[in-house]
Number of protein chains: 2
Amino acid sequence: MVKREYSTADIIEHIADLWQPLNEEQRAILANDFTIQRFRKNETIYCEGEKATHIMCLLSGKVKIVKDGVGGRTQIIRVIKPVEYFAYRAYFADEEYVTAAAAFEPSVICMIPMKTITRLIGENHQLAMFFIKQLSKDLGIADERTVSLTQKHIRGRLAEALLFLKENYGVEEDESTLSIYLSREDLANLSNMTTSNAIRTLSIFASEKLIAIDGRKIKLIDEDRLRKISKIG
Amino acid sequence: MVKREYSTADIIEHIADLWQPLNEEQRAILANDFTIQRFRKNETIYCEGEKATHIMCLLSGKVKIVKDGVGGRTQIIRVIKPVEYFAYRAYFADEEYVTAAAAFEPSVICMIPMKTITRLIGENHQLAMFFIKQLSKDLGIADERTVSLTQKHIRGRLAEALLFLKENYGVEEDESTLSIYLSREDLANLSNMTTSNAIRTLSIFASEKLIAIDGRKIKLIDEDRLRKISKIG
DNA sequence: CTATAATTATGTTGTAGAGCACAAAATTAG
DNA sequence: CTAATTTTGTGCTCTACAACATAATTATAG
């Protein structure tokens with residue numbers, strides 16, 4: 001399933017968003033400067049408070065960006081799928097990480113020094129626009145999310161999380177079983193509730209035939225109704 | 001108090017962040033392309049769902065960026081002080097506005113077409129970096145805020161809001177009265193609570209000698225303790 | 001200057017959801 | 001294979017906070 005080896009050509013293909021805008025000279029710089037790192041399931045990728053030095057590109061696997069709040073509760077701020085970039089915000093903002101990152105599943109990550117990236121941005125405005133656009137999209141999502149998480153009720157938040165997981169990580173061959181198998185705790189941290197309430201609400205959803213549960217496998221049965229529940233909050 | 005007229009030179013001085021990185025030719029382009037608009041207290045500046053066409057720079061006054069959630073409650077997502085830029089995210093993300101903006105107070109805003117901005121970004125990487133940095137900072141703030149608003153209790157959220165207002169808009173000559181006079185409703189929308197609870201908690205804070213209230217004037221008396229309340233949530 | 005509306009204040013009630021406790025099931029370790 | 005640990009499931013209690021009601025005060029308009 002997970003590739004054991006990545007050739008340079010493989011990687012370049014994966015990081016096309018960065019690669020494509022570059023000219024030959026710039027490509028030479030980039031090609032020389034990335035490294036590959038593997039992370040096991042649940043392994044931490046970076047921690048809050050650490051100094052940001054590399055942009056990371058998820059080549060395969062699934063990653064969560066989390067933040068611990070007061071009282072020990074953890075919020076999943078956003079999730080990363082292949083091929084997406086992360087871990088660059090703090091460097092650009094001249095800050096330490098305000099979040100942490102961990103792998104949901106075995107993951108392979110391509111690391112590029114931010115120094116190289118900023119140098120390339122200085123020479124290539126298409127690359128600059130790539131980051132401006134990405135940050136702008138993420139900021140919009142964050143704004144939406146703030147309101148959803150604070151205002152929607154438990155059922156609405158869980159329904160939203162399930163639909164989000166489908167949109168983001170997709171489904172299996174049956175077209176309705178979520179491709180990501182999250183623990184109830186992760187699901188709770190994603191939708192801002194306690195683990196007990198995630199478990200409870202999940203089984204209520206199952207009893208209402210909105211979803212079917214088989215361990216960590218979640219099958220979305222009545223997506224329309226889930227969407228309605230998510231929308232009304 | 002509020003300037004009746006702004007000369008071109010005045011404005012250029014205000015938008016130094018954009019102006020300074022530019023060369024003569026680029027400056028000529030920008031100088032030709034901005035307009036000034038005034039907004040009355042509580043006047044709407046832009047609405048959710050509208051198309052974003054101009055970046056806005058607040059020259060004087062105070063502005064709130066808000067988002068309506070389910071159930072009619074409104075969240076103040078962020079606030080703008082002079083001289084800060086806003087309203088550009090949606091254009092960069094190729095989206096319509098997901099938020100609305102309104103003036104807390106009479107405000108003067110400089111508008112520059114986003115087409116001009118993107119053109120200038122294409123020629124000037126310092127300008128690109130300005131936006132990358134700004135967006136990165138805002139995204140970090142949004143992430144922090146999500147966790148605060150969802151996890152802290154009412155007292156913690158209100159204390160945080162009061163301290164934030166001091167840091168952001170400053171205080172009067174006495175060094176402790178907030179310079180911004182918000183309605184209880186705005187204060188509630190800023191700290192994610194109902195208006196009644198903002199009123200109630202505010203008067204509890206007053207009875208605990210943490211603050212002093214005189215109508216909409218709020219004086220921070222025991223900032224250390226407020227900070228503690230904000231921190232522990 | 002009065003009438004109307006908006007804002008502030010305070011008390012009361014109801015409930016969503018946190019915070020346990022405990023058991024069953026599933027993983028992991030030895 | 002068995003013991004230990006983690007995850008899942010369910011019930012119960014308690015409280016933070018929303019929701020509503022009503023009055024007092026202040027602002028706005030006609």
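Below, read A as the first sequence line, B as the second, and so on, with proteins coming before strands; counting in each chain starts at 1.
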Worked check of side-chain hydrogen bond (donor to acceptor under 3.5 Å, both in side chains) between A:Gln75 and B:Thr146: CA-CA 9 Å; A:Gln75 180 66 48; B:Thr146 298; over 6 Å; no
Member of B:Ile218, B:Leu187, B:Val171 meeting the side-chain contact (heavy atoms from CB on, under 4.5 Å) criterion with B:Leu165: B:Leu187
Short N-O contact, A:Arg155 and A:Glu208, less than 4.0 angstrom: yes
Please state how far atom CZ in B:Arg184 lies from atom P in C:dT10, giving the value in whole angstrom units. 10 Å
Can you name the nearest heavy-atom pair linking A:Arg157 to A:Ser191, along with the distance? NE-O, 2.8 Å
Decide yes or no for A:Ile180 and A:Asn168: does some side-chain heavy atom of the first lie under 4.5 Å from some side-chain heavy atom of the second? no
Can you run down the ring pair (Phe, Tyr, Trp, His ring centres under 6.0 Å) pairs that involve residues 61-85 of chain A, sequence neighbours left out, and say none if there aren't any? A:Tyr85-A:Phe130
In degrees rounded to 10°, what angle is found between the helical axes fit to the five outermost pairs at each end of the helix from C:dC1-D:dG30 to C:dG30-D:dC1? 50°
With a 4.0 Å cut-off, would you call B:Asp186 and B:Lys64 a salt bridge? yes
Grab the N/O contacts between the protein and nucleotides 18-26 of chain D below 3.5 Å, and write none if there aren't any.
residue, atom, partner, partner atom, Å
D:dA18, OP2, B:Thr194, OG1, 3.3
D:dA18, OP2, B:Asn197, ND2, 2.4

Would you say that B:His14 contacts B:Cys110 through its side chain, given a criterion of any heavy-atom pair below 4.5 Å between the two side chains? no
Figure out the CG/C1' separation between B:Leu202 and C:dT10, and round it to whole Å. 14 Å
What is the distance, rounded to the nearest whole Å, between atom CG of A:Asp214 and atom P of D:dG9? 10 Å
Let me know the distance between CD1 of A:Ile199 and P of C:dC22, rounded to the nearest Å. 17 Å
Whole-Å distance between C:dG11 C1' and B:Ile204 CD1? 13 Å
Could you tell me the separation between the CG atom of A:Leu158 and the P atom of C:dA18, rounded to a whole number of Å? 12 Å
Protein-to-nucleotide contact annotation, 5' to 3' order, nucleotides 23-30 of chain C [B base; S sugar-phosphate only; - none; under 4.0 Å, heavy atom]: --------
Pair A:Lys219 + A:Asp214, salt bridge at N-O below 4.0 Å: no
If the cut-off is 4.0 Å, is A:Arg216 near the phosphate of D:dT8, judged by side-chain N/O to OP1 or OP2? yes
Check the phosphate of D:dT10 against A:Ser203, side-chain N and O only, distance under 4.0 Å to OP1 or OP2. Yes or no? yes
Under 3.5 Å, which donor-acceptor pairs link side chains of residues 94-101 of chain B to any protein atom two or more places apart or in another chain?
residue, atom, partner, partner atom, Å
B:Glu95, OE1, B:Arg89, NH1, 3.2
B:Glu95, OE1, B:Arg89, NH2, 3.0
B:Thr99, OG1, B:Tyr46, OH, 3.4

With sequence neighbours excluded, tell me which residues meet side chain to side chain donor-acceptor pair (under 3.5 Å) with B:Asp174. B:Thr177
Can you measure A:Glu185 atom CD to D:dT6 atom C1' for me and round it to whole angstrom units? 10 Å
